[in-house]
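Labels below follow one simple rule: chain letters A, B, ... track the order of the sequence lines, proteins then strands, and each chain is numbered from 1.
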Amino acid sequence: MIAYIQSLLSEILRDMSLELSDFTVEHPSNPEFGDVSTNIALKLAHVLKKNPLLIAEDLRKEIEARQESIIKKIECVPPGFINFFVADEFYQSMVERLINEGSNFMKPTREGKKVQIEFVSANPTGPLTIGHGRQAVLGDTIARIFEWYGNDVTREYYFNNAGRQMQRLGESVYARCKQLLGEEYPIPEGGYEGEYIKEIAQEYLKEKKNVLPKNPLDEDIINFAADRIFSMIRETLKRLGVIHDVFTNERDLYTEGKIDEVLSILRKKGYLYDKDGAIWFKATLFGAEKDRVFVKRSGEPTYRLPDIAYHREKLLRGFDVIIDIFGADHHATYPDVKAGLEAMGYDTSKIIVLLHQFVTLTRDGKLVKMSTRKANFVTLDELIDLVGPDVVRYFYLIRSMDAHLNFDLELAQKESDENPVFYLQYAHARMSNILKHSQQKGIDYYLDGDIHLLSEPETLDVLKVAAEFGEVMEVCRRTLEPMHLTTYLQKLATTFHKFYATHRVVTDDLLLSKARLKMVYAIKTLLAEALGILGVTAPDVM
RNA sequence: GCCCCGAUAGCUCAAUUGGAUAGAGCAACGGUCUUCUAAACCGUAGGUUACAGGUUCGAUUCCUGUUCGGGGUACCA
């Protein structure tokens with residue numbers, strides 16, 4: 001609807017040979033101001049140096065002359081808004097569209113881009129935390145939004161299985177093994193102390209028949225631990241419906257010479273220099289305060305170099321859109337990666353970096369400090385155990401990325417039967433139940449129902465919300481914030497519950513019953529579709 | 001010091017590229033089940049949008065400054 005009015009207005013502007021791009025067309029919050037409203041006359045007033053109300057009147061005549069019967073009334077209101085009242089038929093037609101188009105309802109033509117989304121990317125040193133969970137759900141849902149638009153999406157997980165962290169992991173397992181064998185052996189400084197390390201140690205001893213390698217840093221033990229932890233991580237993600245297509249590890253970048261390639265390109269272009277035994281990158285040429293070390297005196301690269309090599313690979317793999325999802329603590333690292341890529345001559349405009357704020361966890365009103373090393377965290381798995389995957393997913397999506405997410409453990413548990421996600425699912429279950437009930441009442445077909453009978457305000461409100469679906473998806477697509485879909489669904493469910501409370505669907509009036517059943521069926525399709533984009537199930541019975 | 005994010009109802013948060021009377025949920029209080037699920041609906045109450053300026057027809061939104069939180073600012077990742 002907004003798009004329709006927008007194009008109508010643009011057409012008129014063109015015919016008047018006027019240029020104006022920053023006018024808005026939107027749904028006003030107050031229904032008195034119509035279904036759609038525009039400030040175009042207010043904006044034109046500046047250009048034309050004329051009273052906005054007079055401009056509005058002129059525009060109204062133009063619009064009325066051009067439009068089809070979709071708009072039933074146009075009003076011009078001070079200070080110069082033009083308000084549109086849409087004909088009921090337009091909203092009623094949503095029912096037909098939903099039934100005919102199904103999951104393609106309001107879907108634009110297939111975009112067909114190659115999209116890559118990197119998210120989670122936790123190194124395999126321990127179970128996923130609640131912080132990782134936010135990223136997992138956010139990334140997956142953004143992926144689903146891109147898929148809805150008909151893009152080819154690759155979900156990717158990048159990890160480092162070679163660094164110092166992994167050595168500490170190996171040492172920690174080694175120490176636990178020693179302890180299990182009855183020896184005094186301390187957990188190394190900065191090692192991992194979680195219970196899962198003991199379990200891995202037990203498994204390792206069992207598999208190796210109690211024979212340990214001589215060296216605590218032995219690759220075998222590190223790889224064993226990493227494999228175990230990785231399968232834990234995958235299992236956890238799977239519970240949330242998150243499945244990565246590609247796992248890329250940092251070690252391969254070394255063995256395949258990708259790191260050296262980056263260094264030699266940058267060297268050749270003159271962006272590297274040696275100082276104090278280290279290799280430095282001229283980051284100041286790209287706006288940084290200081291130059292950055294790329295290779296330490298010890299010969300090891302800093303984290304920036306593999307990150308750059310990895311992103312170069314992404315660009316070379318031919319993606320049209322590359323999205324990185326990181327926690328807020330990464331905000332300083334991306335500019336260096338971008339600078340490195342630009343120094344090599346790559347176009348970084350395809351890369352979108354999304355930073356989400358942290359997740360804090362409170363228990364009994366107190367902040368729970370989370371550290372993987374100390375293992376005093378609540379794991380993502382435990383959270384899923386507590387409230388179930390649907391609630392976890394929905395809670396993570398309900399906030400914008402820029403907002404801190406406070407997860408109150410008590411509340412998450414207590415709310416599990418009085419929760420916003422159940423509100424949505426309940427609406428869906430109600431719809432299913434109505435349809436089931438109608439069959440029991442002997443109404444075996446209702447898709448021939450007459451949509452023109454859907455004329456009460458509560459009924460039309462549901463259809464009006466349905467008509468906004470495409471616009472909401474657009475907002476999600478533009479802002480990459482799935483949160484907008486959650487607020488939309490809340491609205492859809494509210495209007496439906498209200499309709500349900502006011503009007504009985506199945507009555508003695510067969511014609512009216514059929515019309516309403518048809519609508520219920522259509523809205524159920526929409527609700528299920530939208531819940532699916534969020535990765536939340538749509539139950540038929542609750 | 002510098003950079004990023006935030007500050008809106010008692011609590012957790014919205015407000016779709018600057019719009020008209022700032023909205024939900026939870027918590028509080030009151031009402032609604034003989035009828036398709038009361039996990040619902042209706043109503044009441046709750047606000048100087050952190051503070052001070054500025055930009056304009058119009059600011060929660062944009063700009064400047066201040067205060068308070070969170071995160072960064074490594075030859076850690």
Is the shortest heavy-atom distance from the side chain of A:Lys73 to the side chain of A:Phe84 under 4.5 Å? no
B:rA14 C1' sits how many Å from A:Leu397 CG, rounded? 15 Å
Any side-chain donor near an acceptor of the partner, A:His503 and A:Glu456, under 3.5 Å: no
Check whether any side-chain heavy atom of A:Glu26 lies under 4.5 Å from a side-chain heavy atom of A:Val36, and answer yes or no. no
What's A:Gln425 touching, base or sugar-phosphate or nothing? Going by heavy atoms closer than 4.0 Å. nothing
Spacing between A:Phe23 atom CZ and B:rU16 atom P, to the nearest angstrom: 18 Å
Nearest-Å distance, CZ (A:Arg478) to C1' (B:rU16)? 6 Å
Picking from B:rC41, B:rA14, B:rC36, the nucleotide nearest the side-chain atoms of A:Val505 would be B:rC36
Give the dot-bracket string for RNA chain B, reading 5' to 3', where a pair is Watson-Crick or G-U wobble with both distances under 3.5 Å, ( ) marks pairs inside the strand, [ ] marks pairs crossing earlier ones, | marks a partner on another strand, and . marks unpaired. (((((((..((((.....[...)))).(((((.......))))).....(((((..]....))))))))))))....
In whole angstrom, what separates A:Asp461's CG from B:rC41's P? 14 Å
Measuring centre to centre across the rings, with the benzene-like ring taken for any Trp, is A:Phe105 within less than 6.0 Å of A:Trp148? no
Starting from P on B:rC41, measure out to CD on A:Gln490 and report it in whole angstrom. 10 Å
Would you call A:Ile398 and A:Thr487 a side-chain contact if the rule is heavy atoms closer than 4.5 Å? no
Regarding A:Arg168 and the six-membered ring of A:Tyr192, is the cationic atom NZ or CZ under 6.0 Å from the ring centre and inside 45° of its axis? no
Would you call the rings of A:Phe247 and A:Phe159 parallel, tilted or perpendicular, taking 30° and 60° as the class edges? perpendicular
For the pair made of CE in A:Met542 and P in B:rA38, what is the distance, rounded to whole Å? 13 Å
If I take atom NE2 in residue A:His27 and atom C1' in nucleotide B:rG19, what distance separates them, rounded to the nearest angstrom? 15 Å
Could you tell me whether the side chains of A:Tyr149 and A:Glu474 share a donor-acceptor contact shorter than 3.5 Å? yes
Return no unless some side-chain N or O of A:Lys498 is found under 4.0 Å from OP1 or OP2 of B:rC42. yes
Pairs of donor and acceptor atoms involving the side chains of residues 389-396 of chain A, under 3.5 Å and at least two apart or interchain, shall be tabulated with distances.
residue  : atom : partner  : partner atom : Å
A:Asp390 : OD1  : A:Thr537 : N            : 3.1
A:Asp390 : OD2  : A:Gln425 : NE2          : 2.9
A:Asp390 : OD2  : A:Thr537 : OG1          : 2.5
A:Arg393 : NE   : A:Leu534 : O            : 2.8
A:Arg393 : NH1  : A:Asp140 : OD2          : 2.9
A:Arg393 : NH1  : A:Leu240 : O            : 2.8
A:Arg393 : NH2  : A:Asp140 : OD2          : 2.9
A:Arg393 : NH2  : A:Thr141 : OG1          : 2.9
A:Arg393 : NH2  : A:Leu534 : O            : 3.3
A:Tyr394 : OH   : A:Thr486 : O            : 3.3
A:Tyr394 : OH   : A:Gln490 : OE1          : 2.7
A:Tyr396 : OH   : A:Ile130 : O            : 2.6

With respect to the side chain of A:Asn39, which nucleotide from B:rA15, B:rU21, B:rG19 is positioned closest? B:rG19
Less than 4.0 angstrom between a side-chain N/O of A:Ser29 and OP1 or OP2 of B:rA22, yes or no? no
Picking from B:rA20, B:rU17, B:rG19, the nucleotide nearest the side-chain atoms of A:Lys43 would be B:rG19
Hey, is B:rC57 sitting syn or anti, using the within-90° cutoff around 0? anti
If you find the nucleotide of RNA chain B closest to A:Tyr423 and the one closest to A:Asp402, which residue's nucleotide is nearer the 5' end? A:Asp402
Report the nucleotide, chosen from B:rA14, B:rU16, B:rC5, that has the shortest atom-to-atom distance to any side-chain atom of A:Val475. B:rU16
Going 5' to 3' through nucleotides 71-77 of chain B and flagging B where a protein heavy-atom sits under 4.0 Å of the base, S where only the sugar-phosphate is that close, and - otherwise, we get BS-SBSB
Donor on one side chain, acceptor on other, A:His404 and A:Arg399, under 3.5 Å: no
Can a side chain N or O of A:Tyr488 be found less than 4.0 Å away from OP1 or OP2 on B:rA15? no
How is A:Ala427 classified with respect to the nucleic acid when contacts are heavy atoms under 4.0 Å: base, sugar-phosphate, or nothing? nothing
